[in-house]
J.: 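Take a look at the following structure, please.
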Amino acid sequence: MHRETSPPILTVKDLTVAFGPMERPARAVAGLNLTLQPGEILGIAGESGSGKSTLCNAIIRTLPRSARVGGEVRYDGRQLLALSEREMRGLRGSEISMVLQNPMTSLDPLFTIGNQVDEVLRERRRQGQSNDQVTAIGLLRRVHLTAPELRLRQYPHQLSGGMRQRVLTAMATAATPRLLIADEPTTALDASIQDEILLLFREIRDRAGTAIIIVTHDLSAIRRLSDRIIVMYAGRLVEEGPTATVFSAPRHPYTRALLDSLPQVEGDTVTLKAIPGQVPNLAELPHGCAFADRCPVAIARCRTEDPTEMQLGLRHRAFCWLADTAS
Amino acid sequence: MGPFILKRIGQTLITLLLLTILIFTLARLTGDPTPLVMPSEATDADRTFFREQYGLDRPLHEQYLVFLRNILSGDFGVSFRYREPAMNLVLAAIGPTLQLAGLSMLLAIIIGVPLGIAAALRQGSWFAAIVRGYAGLGQAMPSFWVGLMLIMLLSITLPIFPSSGYGGVANFVLPCVTLAFFASASVTLLTWANMTEAMRSDFVQMERVLGIPNRLIVLKHALRNASLPIVTYLGLQFGLLLGGAVVTERVFAWPGVGQLVVEAILNRDFPVVQASVLLTAVLFMTVNLCVDLLYAVLDPRVSA
Amino acid sequence: MTRVAALNASSWWSLRLRWRRRTGRPRLPVLSMALCILLIFAAVAGGAIAPFAPDEPDFTAILAPPFWMEGGSTMHLLGTDQLGRDMLSRLIGGARVSLLTAGAAVLVAGTIGVALGLIAGYLGGLVEAAIMRVVDAFLALPFILMALAFVSALGTGIGNIILVMILTNWARYARLVRSEVVSIKKRDFVLLARVAGVRPMAIALRHVLPNAMTSILVLAVLDIGRAIILESSLSFLGLGIQPPDVSWGLALAEGRTYMSVAWWLTVWPGVAIVLGVMSFNLVGDWLRASFDPRGVL
Amino acid sequence: MTEAPVIEARSLGKTFILPRGGLFEARRSVIAVEDVSFSVSRGTTFGIVGESGSGKSTVAKMLLKLERPTSGTLWAEGQDIFAQTAAQERAYRRMVQTVFQDPYGALSPRMRAGRIIAEPMRAQGTDRATAKAKVAQLLEIVGMQPEAASRYPHEFSGGQRQRIAIARALSVDPRLLVLDEPVSALDVSVRAQVLSLLQEMQARLGLTYIFIGHDLAVVRYLSESVGVMYFGRLVEIGTARQVLRRPAHPYTQRLVALAAAKAPLGAARLQGELPNPLNPPSGCLFRTRCSYADALCAAKRPELREASPDQRVACHHHEAIAAGNKAETGPLLQPA
């Protein structure tokens, strides 16, 4: 499914998002680079405060007005950060779309599902992104919602969380966007429903070649769905690579620690290793590597110099002074 | 929808019943009305006759039941002053009051809702600061003073509008503006607060990332959601307007319930006071009941 | 019960206020706080700072205009009324009555309302139903009319007016506290206190009340403004404070007759009411904004 | 000698009565918990697994006496906890404590950490000085600085708050801790910290745990025995080793397969969602989502019966499933 040779659909270059006072900014995203190929599924992993949601909102430009954004976000060659709000609105939903974390509150409680799906469809038709053949029922069928005719007449509160997330996904993909961003799309759902939603995302990619960015703290979701993974810590990218490679041979100590902190089952015993300490305050980051204070292998250099990118193989990189030595 | 409304109606009836007890107690607190009503030269026999006629010699709970039976049949007694059934006096006065309150309400909504929406969309701007100032003033200025200032400016210094009276269109201007100024302040702030909250909700964020035009997001989704608490509040606001009307009517010599009740209190005309208070309460509670009905229609979650 | 978002102070408003504090520019809350303190001072100090006694006539200066106008003098800065009484002194005297009635209404009514609301919300069941129906009955009338109903029974004068204000106000506190309690008592930390074996009374006082306190405090401060308006309205109607006591509303009513010749008799008391109400309202808004940065209580 | 179990549930049930739908409609009721029985012996952990709406939190609330069961009984050290005298109830409040899911809601925002931790002790009559000394000691045990006692909840991170909640729960030297999803709201790395802490506490103080969760790996980390709840009923119960490695109920099998981190997406599908609680299916509650369901499942509700020495299961067909479909489920949750 990957078109490695085609130009990337999304390039993020040196993206920085800062909040708070100028003198002591909190950089929720600091100098981040990434590329995304058409039809690729990219997983972004990180704990709360790692900046993964801020990154999504920076791409689709829905950050609060107090955020200061620097760098470049190129979608299909266009610098999104330079577009007017009006031009951006033309892209949202039709070319770049998004599914939010909380399906329970992401639908307007006062209108029927049919009304809200129709509203999106009308807008897509107006933009020439869709035609009369695409109907609300068809959209709901496509996301495997049971009894779609009935659902159209129902209100959001009459649907379960899983059903609502399907409806939202249907609305987000009404016009076959080329990039779909999913911010913690399964966090609020039960395990059995989570898998169904993840499968739906894969189906959308396979059918329409939509590139997908899925942001989650659930490592197993990323492992099973995405082609490539980015691990973020304190606003920085710490490791990037093909999913299988990163999960089997993580090279950044944070990635390793994160994987180790999941319960490991060996025979009859279950073990897990906790990471000591806690996530640093973004406004008071120490010099050097942000993870140094919690890192089991940190050396003196880690506390003085920001680690630079270390190429570790085909499309696998890590920001750690020891990435090529330790294992 | 059924159980919700039935419950509300039940609550309203109980509340009304309690209110009649309250009014009855208040009426008894004032003591024996006999000396007030009877001329000073009346004989003791006359006084006893009066007490017996009005049942004042019976135990309190019996008096209350009589009172309740009478008001249920619309009999609040005869005005001590006008020698007319109190009920008729109130019914005659309620029309002008409703006209005044209703028109002011309309005006307040026409001014307040758009101001509130616009301020919510321009948080932190100069425009929002000005709206805030307007609303702050409107809340702090007592309506009788606004009325007096308007009279001073627009009927004494510049004689444009009549300062008092009822009948012509011009008569409506000053009282309506007075009341609407006060009411529009709260409507503005309420719309502002609820629009701000609605604009922050997840579904608005979702509509944004779906590229839905701003106009639709604001006017269809955010406003409809914000309107639920606004509608509830407008019911209460109507009560405040009725209250404000009492004072405003006094300023502009408007022949409404407010004027009637103040005169009645000054003249210790208790049947009229009781009739005015109870009928206003019924009116107010009916309005709020209708608002709740409307709420159930607006919010599909209530009917489920 | 439907939720009505707070009337005032959006979060952006509060952010602006905070931002101004950092930049050290004069801010509305400081100004209004100062005005509140000034009012309270005027009310307490009263006669000591007023140039004249509020009811002391000066027959040499009847209907004297404010000092900057022709015929005015610096002896009576804001002019005098039809009996030659000094307007400034009357305003200071009025501040005392307004704040006394408003303060009593808020303190006593607040205490009664909070206690009943706490009981209703915490105990629930029949007790709650009974208290809340009584509360509804007291709120079934627009508050001025309710006050008038009480006045008609109790009569006028300062003592009765304070009583009337308490009777018309307590129910609002009860309703607020009850709804706060109902939501707070479902929160985890209250359940945990029950698990810890803390007695119901202690839970109500230690967990529920402190968490409801911010909204109570905000309501109380905003209520002072409302109470000032209520008292002055009653006095204006001739059903509140009676002469020889002074009150802003009463002064307004008395000055009304001379409106076409002596504007200061109606303007000054009005300005006093507006400033008084507004400063308490602003302090209330500011309290609300600082307790709840999201702007909705 | 057989010691009475620390806690024992006998056919525990809870039915919630809903408000009347209309004036003339009958009151509707929802069965949140039905016929749940288990017993937990000293120093062990019993895990309760289920999805949202399975009734597992209602069981926790009944254990904590925050809800009264509508049927069945709960026995703590041989005593019916819903037939206690006031003195007995106070003793029970000392014996059992809890940690909830939400680290933000669990601490009263207007109390300092020290007072929060001391509250259960003070409620049990410990004097101020003793309580204060104990708070310092408890903070150290959960890995925090003693200065933390004078700070307010909003000054702590989620993980720290959960440590404070644990310290508070431990303050009255309870013998039983009811842990209702204590790590679900935490980040992965913090979760590991809190889980290790809980395990350490159990080893050190000989505590008994009831651990409620939806993450099978986490439940397995702490639990010796485990019960799986579906729609208010226990569908499978036994040793964690057996139930989570060789599940016998089709529902448990699906859950276990879903939890296997290395299983490819879609390998185990659990279609459909929980049935409508107002209108539950006849017979076996899981039949609407079960691929083995037949007429018998619709006609008769299965009772728990022995599937192996360490395991009981409520399924009419578990023998057939075990015999015929081993390949499909297999030993899951195994490292590659």
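Each chain gets a letter, A, B and so on, in the order the sequences are listed, and its residues count up from 1. Atoms considered below: every heavy atom in the structure, side chains included; atoms not considered: hydrogens, waters and symmetry mates.
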J.: Measure the CG-CZ distance between C/Asp285 and B/Arg132 for me, rounded to the nearest 0.5 Å.
T.: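 C/Asp285 atom CG to B/Arg132 atom CZ measures 4.5 Å (nearest 0.5 Å).
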J.: With a 4.5 Å cut-off on side-chain heavy atoms, are C/Met146 and B/Leu22 touching?
T.: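 Sidechains of C/Met146 and B/Leu22: in contact.
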J.: Does the side chain of C/Trp263 come within less than 4.5 Å of B/Thr157's, by heavy atoms?
T.: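 No, side chains not in contact.
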J.: Heavy-atom cut-off 4.5 Å, strictly under: side chain, backbone, both or neither for B/Leu283 against chain C?
T.: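 Contact with chain C is absent: no heavy atom of B/Leu283 under 4.5 Å.
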J.: So which heavy atom on B/Leu19 is nearest to which on C/Ala137, and how close?
T.: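 Where B/Leu19 meets C/Ala137 most closely, the heavy atoms are CD1-O, 3.3 Å.
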J.: Of the backbone (N, CA, C, O) and the side chain (C-beta and beyond), which part of C/Val135 lies under 4.5 Å from a heavy atom of chain B, both, or neither?
T.: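 For C/Val135, no heavy atom lies under 4.5 Å from chain B.
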J.: Under a 4.5 Å cutoff for heavy-atom pairs, which residue among C/Phe138, C/Phe280, C/Phe236 has the most contacts with chain B?
T.: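 Answer, by heavy-atom pair count under 4.5 Å with chain B: C/Phe236.
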J.: Examine whether an atom of C/Leu234 lies under 4.5 Å from a heavy atom of chain B, and if so say whether it belongs to the side chain, the backbone or both; otherwise answer neither.
T.: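 Contact with chain B involves no heavy atom of C/Leu234 at all.
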J.: Which answer fits B/Val261, side chain, backbone, both or neither, if we ask what part of it has an atom under 4.5 Å from a heavy atom of chain C?
T.: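 For B/Val261, the contact with chain C is made by the side chain alone.
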J.: Please assess C/Ile229 against B/Phe182 for the test side chain to side chain contact (heavy atoms under 4.5 Å, CB included), listing each intermediate value before the final yes or no.
T.: CA-CA 12 Å; C/Ile229 292 198; B/Phe182 148 77; over 6 Å; no
J.: When you look at CG of B/Leu158, are more than 12 heavy atoms from neighbouring residues, nucleotides or ligands closer to it than 6.0 Å?
T.: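 It does: B/Leu158 CG has more than 12 such atoms within range.
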J.: Side chains of C/Val277 and B/Gln139: does their closest heavy-atom pair fall under 4.5 Å?
T.: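 A side-chain contact is absent here, since even the closest heavy-atom pair is not under 4.5 Å.
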J.: Nearest heavy-atom pair of C/Ile144 and B/Gly243: which atoms, and what distance?
T.: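 For C/Ile144 versus B/Gly243, the nearest heavy atoms are CD1-O, 3.9 Å.
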J.: Counting only non-hydrogen atoms closer than 4.5 Å, does B/Met149 touch chain C with its backbone (N, CA, C, O), its side chain (CB onward), both, or neither?
T.: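 Interface part for B/Met149: side chain.
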J.: Does any non-hydrogen side-chain atom of B/Leu18 lie less than 4.5 Å from one of C/Asp136?
T.: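 Result no, sub-4.5 Å side-chain heavy-atom pair not found.
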J.: Does any heavy atom of chain C fall under 4.5 Å from the side chain of B/Leu148, the backbone, both, or neither of them?
T.: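 Both backbone and side chain.
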J.: Taking all atoms of both residues into account, what is the closest heavy-atom pair of C/Ala140 and B/Thr15, and its distance?
T.: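 The answer is CB-CG2, 4.1 Å.
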J.: Return the option, out of B/Leu242, B/Leu278, B/Val262, with the maximum number of heavy-atom pairs under 4.5 Å with chain C.
T.: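 Winner by heavy-atom pair count: B/Val262.
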J.: For the candidates B/Leu137, B/Val146, B/Thr20, which exhibits the highest count of non-hydrogen atom pairs separated by less than 4.5 Å from chain C?
T.: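 So the answer, after comparing B/Leu137, B/Val146, B/Thr20, is B/Leu137.
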J.: Which of the residues B/Ser143, B/Ala264, B/Gly239 is involved in the greatest number of heavy-atom pairs with chain C at under 4.5 angstrom?
T.: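 Option with the greatest count: B/Gly239.
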J.: Rounded to the nearest 0.5 Å, what's the gap from CE on C/Met259 to CD1 on B/Ile156? Could you check?
T.: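 Here the rounded value is 3.5 Å.
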J.: Restricting to non-hydrogen atoms, name the atom on C/Ser152 and the atom on B/Phe270 that form the minimum distance, rounded to 0.1 Å.
T.: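 Taking every non-hydrogen atom into account, O-CE2, 3.5 Å.
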J.: Given 3.5 Å as the limit, does a donor-acceptor pair link the side chain of C/Arg256 with the main chain of B/Val251, or not?
T.: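 It does hold such a pair.
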J.: Report yes if the side chains of C/Pro269 and B/Trp145 come closer than 4.5 Å at any heavy-atom pair, otherwise no.
T.: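 They are not in side-chain contact.
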J.: Do B/Val246 and C/Leu237 come close enough that some side-chain heavy atom pair is under 4.5 Å?
T.: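 Yes; the side chains approach each other to less than 4.5 Å.
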J.: I need the minimum non-hydrogen distance between B/Pro142 and C/Ile273, along with the two atoms involved.
T.: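 Scanning both residues completely, I find the closest heavy atoms to be CG-CG2, 3.6 Å.
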J.: Run C/Leu141 and B/Phe284 through side chain to side chain contact (heavy atoms under 4.5 Å, CB included) and show every step you take.
T.: CA-CA 7 Å; C/Leu141 273 176; B/Phe284 183 34; 5.6 Å; no
J.: Any chance you could measure C/Arg133, atom CZ, to B/Leu16, atom CG, to the nearest 0.5 Å?
T.: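 Here the interatomic distance stands at 12.0 Å.
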